[in-house]
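Taking it in order: structure first as structure tokens, then the write-up.
Remember, predicted model here, so these are calculated numbers, not experimental data. In what follows, chains carry the letters A, B, and so on, assigned in the order in which the sequence lines appear, proteins first and then strands, with residues in each chain numbered from 1.
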Amino acid sequence: MKKLLILVCLTAALHPCNAQSTPDSAHAPHTKWKSFFDNFRLRFPTVDITYYIPVKNGAFLHFSDGMDKFLYNRRPEVSALMVAFKNNYSFRWFCLYYKDTWGIESYISAFGADVGMDDFNRYLEAKFPNYDLNPVNNNNISSLSFSGLRYGITHKIHWKNFILEPKLQIGFESLGSDTDRYMYRFKEKGSNQFIEHNVALHSTGNTHSYRAQLYFARRFFIKNSTKLIEVGIKAGYMFAPYSMQATVSEKSYGIPETTTQFNWKESFQVYNVGLYGAFFLKK
Amino acid sequence: MKWLFKTIVLHSPAAHVLLFFVVCGFYGCSKHAPYSYKITALELYNVDNSGISPVDASTPDIVAKAYAIRLEYTDMLSGSTAGTEPYESGYLLTNKVTSFVVWSLTGFDASHPAGVSLNDYFLYGIRTTAVRSGDTIEDDLNLGYIAPGYRSDTPAEGQPWKSSDYLVLMQPPANPGPRSFVINIGFADNTHITDTISVTLH
């Protein structure tokens, strides 16, 4: 699929007709192809700032060992291109429009959420009352972040200089490598003994995300120039069914390690609203 | 092709973003030579680790279950600083540590009489608060974690500096009382440094 998109893109971009350097009359057989390829427009990234609002899901509220607190209290997040490449970002690396109306596009993107660790830290401190939580290993957040490529179709509805653009997208994501392990170290008061408390997250299946987005924008044409600017607002909804496993382990010096595993499935859902802008040539 | 170049290279935000990463990568990945150093001396200190952070003990009486030893190494550049950069160069111990043994001059317990290695009773770390269950002396020796003489500035040639690691006692002795520990470190050139420290564990 990706190779096909690249092939279509390159074919459209590299065709001599796009260079506008050859008179039509000199290559009459190409006229038909020229008019066909002139219908296509390559578009590149937009710049945006987006506010993501994850939907709280109670799928793990019954979990023991503090995992309800580790996974539940999800935080909203603001993301902007080149500003906050965190759990949520979206970078459109390719888009091809036909007659500036129908388009196919692809994004490098991620979705996910942070969970505040205050409740979980309090749970652990209550569990180990005679121990000090080592400050150097204190975790403020846990992150659940999936990243990958997503593909979509888009349709532009023009009205004067305004554009209404609904988009449908499907993503193929995997769990980020930086979200798989959280270690706490509790030192016994008055002693060298300590407890290592670990939480490891693993994806146990393929993750696909499904998104519906709506863009509303106005175009501004720059006088005596072939360039134009598109500025607008956007809103969207995403859900992504996924399955995970969390392994909680505790280890002390000279004592065998104990582990507890939790498995769950849920649909990660997030709403987002934002501003976006694009800059490109008319042709 | 001119149109393509103009569109993609000059007017595409994607190209600008790519250029940004290329420029950052070019300047951010410059290679600098590591500092080469060797360990010339070892001095031991008794440490009280009963609190969150370890402190050098003011008296030789320490609770056995909170006892640790601070190993203070004297480091010295073994080569030139040419081609190095203070904040980006790594450190290279030229005379590798090949052996590390700690023992007691008197019997520690039934399975560890005087002179027998106590390596399995200690954990090794750059600070006691970061010692993990996997920081055994054998593992740290194999991984090259023994005596990493890191510093974040440029050492002057011919000017020694100090760096410290810790040995944390995880298994108290069978009987409390005065005790002397000996630590011997061997290097790749078959030289050794050693020091002894006395403490009363109770």
Quick check for you: to the nearest 0.5 Å, what is the distance between A:Lys187 atom NZ and B:Ser50 atom OG?
6.5 Å
Looking only at non-hydrogen atoms, find the nearest pair between A:Gly190 and B:Lys65 and report the distance.
O-CE, 3.5 Å
Is chain B contacted by the side chain of A:Lys189, its backbone, both, or neither, given a heavy-atom distance below 4.5 Å?
backbone
To the nearest 0.5 angstrom, please state how far the OH atom of A:Tyr253 sits from the CD atom of B:Gln171.
6.0 Å
Distance (rounded to the nearest 0.5 Å) between A:Glu188 CD and B:Asn49 CG:
11.5 Å
Should we say atom CG of A:Asn130 is surrounded by more than 12 heavy atoms from elsewhere, each under 6.0 Å from it?
yes
Kindly say whether B:Gly51 contributes a backbone atom to a donor-acceptor pair with the side chain of A:Asp132 at under 3.5 angstrom?
no
With a 4.5 angstrom heavy-atom cut-off, which part of B:Asp135 approaches chain A: side chain, backbone, both or neither?
neither
Decide yes or no for B:Arg132 and A:Glu196: does some side-chain heavy atom of the first lie under 4.5 Å from some side-chain heavy atom of the second?
yes
Taking side chain as everything from C-beta outward and backbone as N, CA, C, O, which of these in B:Leu169 sits under 4.5 Å from a heavy atom of chain A? Side chain, backbone, both or neither.
both
Is it the case that more than 12 heavy atoms not belonging to B:Lys38 sit under 6.0 Å from its NZ atom?
no
Over 12 non-hydrogen atoms of neighbours within 6.0 angstrom of OH in B:Tyr145
no
